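A short worksheet on the structure shown next.
Everything numeric in this text was worked out from a predicted model, so none of it was measured. As the structure lists them, so they are numbered: ligands from 1, and atoms in each ligand from 1.
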Amino acid sequence: MEDKRKRLFSGIQPSGCITLGNYLGAVKNWVALQDEYDCLFSVVDLHCITVRQDPKEFKNRSLDFFAMLLAAGIDPKEHVLFFQSHVSCHAEMAWLLNCYTYIGELQRMTQFKDKSAKHADNINAGLMTYPVLMAADILLYQADAVPVGADQKQHLELTRDIAVRFNHAYGDTFKIPEPIIPKVGARIMSLQDPTSKMSKSDPNPKACISILDSPDTIMKKFKSAVTDSEAEIAYREGKDGINNLLSIYSAVTGTSIEDAVNTFAGQGYGTFKVSVAEAVIEMLRPLQERYAEIKNDKAYIESVYKEGAERAGRIAHRTLTKTMKKIGFMIP
Ligand code: AMP
Ligand code: TRP
C-alpha cells in the first residue's frame with residue numbers, strides 16, 4: 001500500500017540524562033506521533049561537542065540514550081532511529097547552510113546568548129552555528145513536522161527562514177517544516193527553581209528527575225520540590241512551583257489542569273507532592289524495565305543503529321545531492 005503519511009523528524013542530544021522534561025516535552029510525544037507520521041528520530045551526537053566531552057563517557061552515554069529511546073517505545077521497524085554522526089550528510093549540509101545564514105541571526109538566538117553567558121571560557125564557533133546543524137538535520141529529510149519543546153521554537157523558526165531563503169534563491173528545494181509543540185509538558189520547570197526550565201545540566205541534582213531515577217529518588221526529589229508559602233493548590237501566576245507540579249501531573253496522567261486542581265483542592269502540599277511522585281513513578285516503571293532488558297542486548301542495539309543509518313543515509317544523500325546541484329557543484 002502506498003504510504004502517504006507526512007514525514008516527521010526530531011532529535012535529542014545525548015548530554016546529561018533524559019530528564020522528565022525531555023520525556024514529557026519531547027520523547028513521550030514522539031512515541032504517540034508514530035501512529036500518524038513516518039518518523040525519523042536521531043540521537044544528535046554531533047551537537048554535543050559544543051561542550052567538551054570525556055570520550056569514554058560520551059560513547060557510553062550515546063548508547064544509553066539510544067537504548068532509552070527504544071525503551072520509551074520508539075519502533076525501529078516502522079520508523080528510523082539513528083545516530084546523527086553515522087550519516088555524514090548532516091555535517092556536509094550544515095556547511096552548505098552556514099553560507100546561507102547570517103551571523104546576526106545566530107547571535108540573536110536565546111540559547112546561544114544563555115550558553116555563551118554560562119560558558120564564557122568556551123564560546124566556540126560550534127556553539128554559534130549549532131542551529132545551522134539543527135536546520136541541516138531537519139531539511140535533509142524534507143520533514144513536514146518537527147516535535148520539540150517550547151525552548152526550541154526559535155531554532156525551528158530559523159530553520160524555516162534558511163529554507164525559505166534557499167528556495168527563493170534556487171527554486172523549490174526544501175520542504176518548510178512546521179513545529180509541533182505539546183500543550184502540556186512543553187516546559188517542565190526545575191524542581192528547585194520553578195522559574196527556570198528543568199535541565200540536565202543543572203548543578204543541583206534535586207532540580208532534575210532522570211527517567212532512570214529509582215522510585216525512591218523520585219519520591220525524595222518531589223518531596224523537596226520548592227513551592228510557596230501559601231497553602232492552596234491552584235494554577236495561577238506567581239505559584240510557579242505548584243503550577244509546575246500540576247503540569248507534570250497533567251502531562252503524566254492525561255487529566256486536564258482544571259481536573260487536577262479539583263482532585264487536589266483542599267489537600268496539603270505534602271500529600272499533593274506524594275501523588276505527583278507516585279504518578280511519575282508508575283509512568284516510568286515499564287520504561288525502566290524495558291530499558292534494563294534492552295541495555296544488555298548489545299547486538300540488538302547495534303543492528304538497529306546500523307539499519308537506521310542506512311535508511312536515513314539514503315534519504316539524506318538524495319537531498320544533499322539535490323542541494324549541491326542547485327548551488328552549481330560539479331556532481332561526480
Ligand atoms: P535537549 O535535552 O536539549 O537535547 O532537548 C531534547 C528535547 O527535549 C527538545 O525537544 C527540548 O525542547 C525538550 N526539552 C528539554 N528540556 C525540557 C523541559 N524542561 N521541558 C520540556 N521540554 C524540554
Ligand atoms: N537542539 C535540539 C535541542 O536542544 C536538539 C536537536 C538537534 C533537534 N537537531 C534537531 C530537535 C532537529 C529537533 C530537530 O533540543
Side-chain angles (χ1 to χ4, degrees), residues 7-31 33 37 39-51 61-62 65 68-69 72 82-85 87 90-91 93-94 97 106 109-112 114-115 126-127 129-160 162-163 177-202 207-211 240 243-244 247-248 250-252 312 316:
R7 191 176 287 158
L8 176 151
F9 181 94
S10 199
I12 188 162
Q13 229 176 271
S15 54
C17 55
I18 297 191
T19 69
L20 187 63
N22 295 139
Y23 185 72
L24 296 177
V27 179
K28 188 164 178 268
N29 302 300
W30 296 5
V31 174
L33 289 162
Y37 292 87
C39 302
L40 295 115
F41 297 116
S42 185
V43 173
V44 289
D45 46 3
L46 293 172
H47 275 98
C48 285
I49 64 164
T50 57
V51 174
R61 203 174 336 107
S62 299
F65 265 67
M68 274 187 255
L69 293 179
F82 69 106
F83 285 107
Q84 182 189 33
S85 63
V87 178
H90 289 249
M93 182 62 102
L97 298 181
L106 296 172
M109 294 292 116
T110 308
Q111 188 172 304
F112 173 68
D114 286 353
K115 294 213 168 163
L127 192 64
T129 59
Y130 175 112
V132 182
L133 179 58
M134 180 164 164
D137 298 341
I138 297 165
L139 300 180
L140 272 176
Y141 299 97
Q142 307 287 7
D144 297 283
V146 182
V148 282
D151 63 322
Q152 295 299 311
K153 190 163 174 257
Q154 200 184 31
H155 288 165
L156 216 68
E157 276 159 10
L158 180 65
T159 300
R160 290 164 57 93
I162 296 171
E178 295 290 337
I180 301 183
I181 298 178
K183 283 185 195 71
V184 280
R187 209 169 148 74
I188 301 298
M189 311 308 277
S190 153
L191 296 183
Q192 291 297 312
D193 170 13
T195 59
S196 66
K197 83 163 185 174
M198 181 181 283
S199 159
K200 28 186 149 197
S201 55
D202 200 309
C208 176
I209 305 258
S210 154
I211 61 166
D240 299 313
N243 294 348
N244 190 34
S247 303
I248 292 175
S250 159
V252 168

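- Panel note: side chain Ser10, backbone Phe41; no donor-acceptor pair is recorded below 3.5 Å.
- Note that CD of Gln13 and CE of Met134 are 10.0 Å apart. Values are rounded to the nearest 0.5 Å.
- The shortest contact between atom 7 (C) of ligand 2 and any protein heavy atom is with His47 CE1, 3.4 Å.
- The contact set between ligand 2 and Val146, taken as ligand atoms under 4.0 Å from a residue heavy atom, comprises 13 (C), 14 (C).
- Some N or O of Asp137 is nearer than 3.5 Å to an N or O of ligand 2, by distance alone.
- When only non-hydrogen protein atoms are considered, atom 2 (C) of ligand 2 lies nearest to Gln152 OE1, 3.4 Å.
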Go through the steps to decide whether Asn22 and Thr19 satisfy the test side chain to side chain donor-acceptor pair (under 3.5 Å), and finish with yes or no. CA-CA 5 Å; Asn22 295 139; Thr19 69; 3.2 Å; yes
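- Considering only non-hydrogen atoms, atom 10 (C) of ligand 2 lies nearest to Met134 out of His90, Met134, Gln111.
- Listed by chain and residue number, the protein contacts of ligand 1 are Ile12, Gln13, Gly21, Asn22, Gly25, Ala26, Val148, Gly149, Asp151, Gln152, Gly185, Ala186, Arg187, Ile188, Lys197, Met198, Lys200 (heavy atom within 4.0 angstrom).
- A donor-acceptor pair under 3.5 Å is formed between the side chain of Gln84 and the backbone N or O of Asp45.
- Neither the backbone nor the side chain of Gln84 has a heavy atom within less than 4.0 Å of ligand 2.
- Taking atom 5 (C) of ligand 2 as the reference point, the nearest protein heavy-atom neighbour is Gly11 O, 3.7 Å.
- Of all the atoms in ligand 2, the ones that sit under 4.0 Å from a non-hydrogen atom of Val148 are 11 (C), 13 (C).
- In the model, Asp240 has no side-chain atom that pairs as donor or acceptor with a side-chain atom of Thr195 under 3.5 Å.
- At a 3.5 angstrom cut-off on N or O pairs, His155 does not count as close to ligand 2.
- Each of the atoms 12 (C), 14 (C) of ligand 2 lies under 4.0 Å from some heavy atom of Ile138.
- For Leu133, no heavy-atom contact with ligand 2 is shorter than 4.0 Å.
- Proximity of a side-chain donor or acceptor of Asn244 to a complementary backbone N or O of Met189 within less than 3.5 Å is detected.
- Side chains of Gln111 and Asp151: a donor-acceptor N/O pair is absent below 3.5 angstrom, by distance only.
- Closest heavy-atom contact between Cys208 and Lys200: SG-CA, 4.3 Å.
- Aromatic ring centres of His90 and Tyr141 lie closer together than 6.0 Å.
- Closest approach of Val43 to Phe65, counting heavy atoms only: CG1-CB, 4.3 Å.
- With hydrogens left out, the protein atom closest to atom 12 (C) of ligand 2 is Phe9 CE2, 3.5 Å, a heavy atom.
- Nearest non-hydrogen protein atom to atom 1 (N) of ligand 2 is Tyr130 OH, 2.8 Å.
- When non-hydrogen atoms are compared, ligand 2 lies under 4.0 Å from neither the backbone nor the side chain of Asp151.
- Looking at heavy atoms from C-beta onward, Asp137 lies out of side-chain contact with Ser42 at the 4.5 angstrom threshold.
- In this structure, the side chain of Lys153 does not engage the main chain of Pro179 through any donor-acceptor pair within 3.5 Å.
- For Leu156, no heavy-atom contact with ligand 2 is shorter than 4.0 Å.
- For the pair Arg160 (side chain) and Pro177 (backbone), a donor-acceptor distance under 3.5 Å is present.
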